[in-house]
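Below is one structure, written out as structure tokens, with a few remarks after it.
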There are 2 protein chains.
Amino acid sequence: MNRKAPVKRARAKQKRLSADDRRSEFVIKATELFAEEGFGGGTRALARKLGVTQPLLYRYFPSKDDLIKEVYRKVYLEPLEIGWEKVLADRSRPLRIRLQEFYEVYTDAIFNRKWLRIYLYSGLKGLDINRWYVGMVKDKILTRILRECRHDAGLAMQSRPSAAELELAWVFHGGIFYYGVRKYIYEAPVLEDKARMISDALDIFLAGFERMAESATDRRRAPIKIVG
Amino acid sequence: MNRKAPVKRARAKQKRLSADDRRSEFVIKATELFAEEGFGGGTRALARKLGVTQPLLYRYFPSKDDLIKEVYRKVYLEPLEIGWEKVLADRSRPLRIRLQEFYEVYTDAIFNRKWLRIYLYSGLKGLDINRWYVGMVKDKILTRILRECRHDAGLAMQSRPSAAELELAWVFHGGIFYYGVRKYIYEAPVLEDKARMISDALDIFLAGFERMAESATDRRRAPIKIVG
DNA sequence: ATCTCTGGTGATCGATCGATAAACTGCGCC
DNA sequence: GGCGCAGTTTATCGATCGATCACCAGAGAT
């Protein structure tokens, strides 16, 4: 056998990229792959998506875990790039409008198959970054929303929201989040008008907050008991 | 080499079980394993949990996939065994009480690490059984709740709830569901009093439903589009 | 034209995966 | 008390996984 034949390489395309480009291409395609297959997705499948061979991955990342960490970083930090802090805090505009705009922008950022699946997969792994993100939502979004609500209702300011208030905000926030899960994870039919969904959810949240604020001032809430 | 030495077996315990017992033990332990590791969890790790060897699995299940299917069946069908249909429909009791009791019982059934994790893992796989469950929640729970709400508010009965109403119910339901996810998946601190959380969520849902019902009587809403 | 640096490949290793076949062992039955 | 079957193990296969190594090739500098 002539093993020395200079096999004229019929490679589809010799894709010679700069190190930075190749590296970020790895992260992008890895995000897509892991979003679909979970983090158990293979490095060979990933290389195939790039049109390169598998060992090349290890020129850019010491291990698969390091690649995964980069995927986390990118996914979790992406939605934070929108400056929604100011949207919520800008008291020159009506609270209702601010909340509506914030949730429209926020859900625009995270309601897509890729983000939601990576988020759920990493949540199931119980990673620190996931806990950090949940804490961030609590501190930077829900606490801020509650502060604005209290201000809007003319209530006394307090450094930290009560546990019940916070839970109210979480249930509201979670309800909206679950809309994205139903649409992009379960692929179930949903009310197509997302803005309308947010608007309706806001209606009942704000009404509920006012009710709770009122009842908290005059009478103590009677505990609910269920017998049966 | 004396390869025929009758090695007196020092097995910890010869656990000789009946076929039925062994089989259900496989399903139980597989549920625990897959809940923690995902369905990528290995058959050897599963066997180790049972204190048996790995090939034994294949005496009871043709393949790992068949075992997984049994896990699905068990997990998805378990919460259905409570007869919550009657709890919701029993009009001799106040609606508010019925809803409170239903959600307390329902969440007692599904708010645990095992159930929620299996549910999320299988949801990410996009299986038919998951779609079936979501459809079941819609038809058997949310639609029924809305029907009872309409009846309670003295509104005209309609065979199927409007898309906006359904979405309202979904956001409410999802908000409660997300409480379980936060507690058992993210292991984040939550308001410990689950009944109180349900009660508060119900307050704002019912108030929101009434508001929507009122506004629907005087002015017409724009038509809503549903997309699969 | 050649040297060199670096992006990229081919071959392969050890571990682990799901699955199979054959041997063994303990319990119930006659 | 020995037979037989059902429950279990030992050994092993082929595929696939992440990772490593030596080598190749193409673009820019000289």
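Each chain gets a letter, A, B and so on, in the order its sequence line appears, and its residues count up from 1. Because the structure is a prediction, the values reported are computed rather than measured.
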>> Rounded to whole Å, please give me the gap between CD in B/Q54 and P in C/dT16.
In response: 14 Å

>> Check this for me: does any side-chain nitrogen of one of B/D108 and B/K194 sit under 4.0 Å from a carboxylate oxygen of the other?
In response: yes

Atom pairs and distances, donor-acceptor, side-chain atoms in residues 32-45 of chain B, under 3.5 Å, two or more places apart:
residue	atom	partner	partner atom	Å
B/E32	OE1	B/K49	NZ	3.4
B/E36	OE1	B/R113	NE	3.3
B/E36	OE1	B/R113	NH2	2.7
B/E36	OE2	B/R113	NE	2.7
B/T43	OG1	B/Q54	NE2	3.2

> So which nucleotide from D/dT8, C/dA19, C/dG8 ends up closest to the side chain of A/R22?
Replying inline: C/dG8

> What residue pairs, at least two apart or across chains, pass salt bridge (Lys or Arg N to Asp or Glu O under 4.0 Å) with a residue in residues 165-174 of chain A?
Replying inline: A/R150-A/E165, A/E167-B/R182

> In residues 55-66 of chain A, what residues come within less than 4.0 Å of DNA chain C, judged by heavy atoms?
Replying inline: A/P55, A/L56, A/R59, A/Y60

>> Enumerate the ring-ring contact (aromatic ring centres under 6.0 Å, His included) contacts for residues 42-63 of chain A, please, sequence neighbours excluded, ordered by first and then second residue.
In response: A/F26-A/Y60

> Partners of B/R98 by salt bridge (Lys or Arg N to Asp or Glu O under 4.0 Å), sequence neighbours excluded?
Replying inline: B/E148

> In whole angstrom, what separates B/D21's CG from D/dT8's P?
Replying inline: 10 Å

Taking only distance into account, with no hydrogens and no angle test, what donor-acceptor pairs under 3.5 Å do side-chain atoms of residues 131-138 of chain A form with protein atoms, sequence neighbours excluded?
residue	atom	partner	partner atom	Å
A/R131	NH1	A/G126	O	3.2
A/R131	NH2	B/E187	OE1	2.8
A/Y133	OH	A/Y106	OH	2.6

> What's the CZ-P distance between A/R16 and C/dT9, to the nearest Å?
Replying inline: 10 Å

>> If I take atom CZ in residue B/F26 and atom P in nucleotide C/dA19, what distance separates them, rounded to the nearest angstrom?
In response: 13 Å

Determine all donor-acceptor pairs shorter than 3.5 Å in which one atom belongs to a side chain in residues 75-83 of chain B; sequence neighbours excluded.
residue	atom	partner	partner atom	Å
B/Y76	OH	B/S122	OG	2.4
B/Y76	OH	B/N130	OD1	2.8
B/E78	OE2	B/K74	NZ	3.4

> What residues, two or more places apart in sequence or in another chain, satisfy ring pair (Phe, Tyr, Trp, His ring centres under 6.0 Å) together with A/Y103?
Replying inline: A/F172, A/H173

> Taking CG from B/L17 and C1' from C/dC27, how many angstroms apart are they, rounded to a whole number?
Replying inline: 13 Å

> For DNA chain C, what residues of residues 38-47 of chain B have any heavy atom nearer than 4.0 Å?
Replying inline: B/G41, B/G42, B/T43, B/R44

